[in-house]
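So that the names make sense, note that chain A is the first sequence line, chain B the second, and so on, each numbered from 1.
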Number of protein chains: 2
Amino acid sequence: MTVSQLSKTRHGQVYESLRGDILSGRITPGTKLPFAQLSERYGFSVGVIREALSRLVEQRLVENLPQQGFRVTSISKADLVALTQARSEIESLTLKHSMLEGDTSWQSEVLAAHFRMANTPSMDADDPDRLNEEWVEVHNAFHATLLEGCNNKRLTDICGQLRDSAELYRQWSARIGEAKKRDAAAEHQAITDAVLAGDVPLATKLLRDHIDLTTRLLLESGFVAEDS
Amino acid sequence: MTVSQLSKTRHGQVYESLRGDILSGRITPGTKLPFAQLSERYGFSVGVIREALSRLVEQRLVENLPQQGFRVTSISKADLVALTQARSEIESLTLKHSMLEGDTSWQSEVLAAHFRMANTPSMDADDPDRLNEEWVEVHNAFHATLLEGCNNKRLTDICGQLRDSAELYRQWSARIGEAKKRDAAAEHQAITDAVLAGDVPLATKLLRDHIDLTTRLLLESGFVAEDS
DNA sequence: TTAGTGCATAATTTCGAAATTTCTTGTAGA
DNA sequence: TCTACAAGAAATTTCGAAATTATGCACTAA
């Protein structure tokens, strides 16, 4: 588990570190998070760990059963479908706002974010079957930038939360080789082109297709159990 | 501050009680929430209070500045506008799903929830200038029921969170008499009729207008400061 | 074998005080 | 009068142990 020092408070450090470990898949969904283990690993008291965990609970990244401890939120086919639908509809809605409200400076940021992503190898240099962690970061930044033209902070925040939740499911798509069957680079290029051209209907449609495709490939592969 | 006993854990009790006090307006936005005062009022240690507060922070009902304590989230005109727009768009989206996916049993629940609300006086018996707390509850239940036909838990949860945030602003509309200028009962009746008739375009339009109206009246009244 | 009971163990929850940081007040100097 | 600095007060943050609750296992009876 990585330890960042951005936060002033101890529980803030644990929160950020744990959040990163969960989103990156270093700790897999369903894993139990016992106080003893965590407080030993970080060297902080249980009170500090407890606060970090409760914050993650409200973000839906961690589940808590009273008197039975905390565990990384478990994933299910039903939630994956619901999450994908919610993302698809709300992100396309927010993209529409973004394109109508965003100025030239925003457009240039989109272009820059896309360039950065296009020039980062998507697969790990050492293990070509795993995603490159740096690419995951710039990919997420690209999608965030797409929506940053939207002046409505409530909408962009909701989209951010939903994208975080979606990260929990990435291990599934990473484990199966299904992800390789698509041409993600072409999809991103098409979205960028449509956004810069100001073609709202096309851009929103492309974004929805982009979000839906990952889930569809996953479901069609039969890898995902009916419920878990 | 009321103390409910639904939760098994102490921090759960504090969380529920504090949440109710904030949503009902008994504690107003911007109010500081010092540990000493809260731990004395509830009779629990600061650790318990701290956990309840951090959970409320993640729900955006409470703000936290590191080393400077907690306070009820302050309200602003900009956020009110953003919140209203987000609610309007996402709730109407969810209502569409609800109407397309909901069955007859759901329709009967809508009818029941509307009946319950219509038969509850909206103003307090003792103080006719204040809203009746029971009406607030059944009114919220009515709006929640409207969306319960939607099978997508992610969408309905987001709508619930946004409605909670909107509650923070109710004191503004309650303080000014502006709320009386509208015929809320007629609006609710029209929405219910359209929902039961299966008229999706009409129902979603009426819901959007219903959500927008409160904010518009508030802004037109000039009561809301430019930023606070 | 199966179900139920009681005990030992392990984990979570809570407390109250100590450590740390921020806020306030008062004083001295320019 | 104003600013800068310092000491005291107040509040938040953290700790480590005690209290409470769940879990696992052996044991008994049907």
Below 3.5 Å is the cut-off: list the nitrogen or oxygen pairs between protein and nucleotides 13-17 of chain C, distance only.
unit_1, atom_1, unit_2, atom_2, d
C/dT13, OP1, A/Q67, N, 2.7
C/dT13, OP2, A/R50, NH2, 2.2
C/dT13, O5', A/R50, NH2, 3.0
C/dT14, OP1, B/R10, N, 2.4
C/dT14, OP2, B/H11, ND1, 3.0
C/dT14, O3', B/R10, NE, 3.1
C/dC15, OP1, B/R10, NE, 3.1
C/dC15, OP2, B/S45, N, 3.0
C/dC15, OP2, B/S45, OG, 3.0

Partners of [X] by side-chain hydrogen bond (donor to acceptor under 3.5 Å, both in side chains), sequence neighbours excluded?
X	result
B/N140	B/R163
B/S45	none
B/R71	none
B/R60	A/D157

- OP1 or OP2 of C/dA10 under 4.0 Å from side-chain N/O of A/K32: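 The answer is no; no side-chain N or O of A/K32 sits under 4.0 Å from OP1 or OP2.
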- side chain to side chain contact (heavy atoms under 4.5 Å, CB included) partners of A/E134, counting only residues at least two apart: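 Listed in chain order: A/T120, A/N132.
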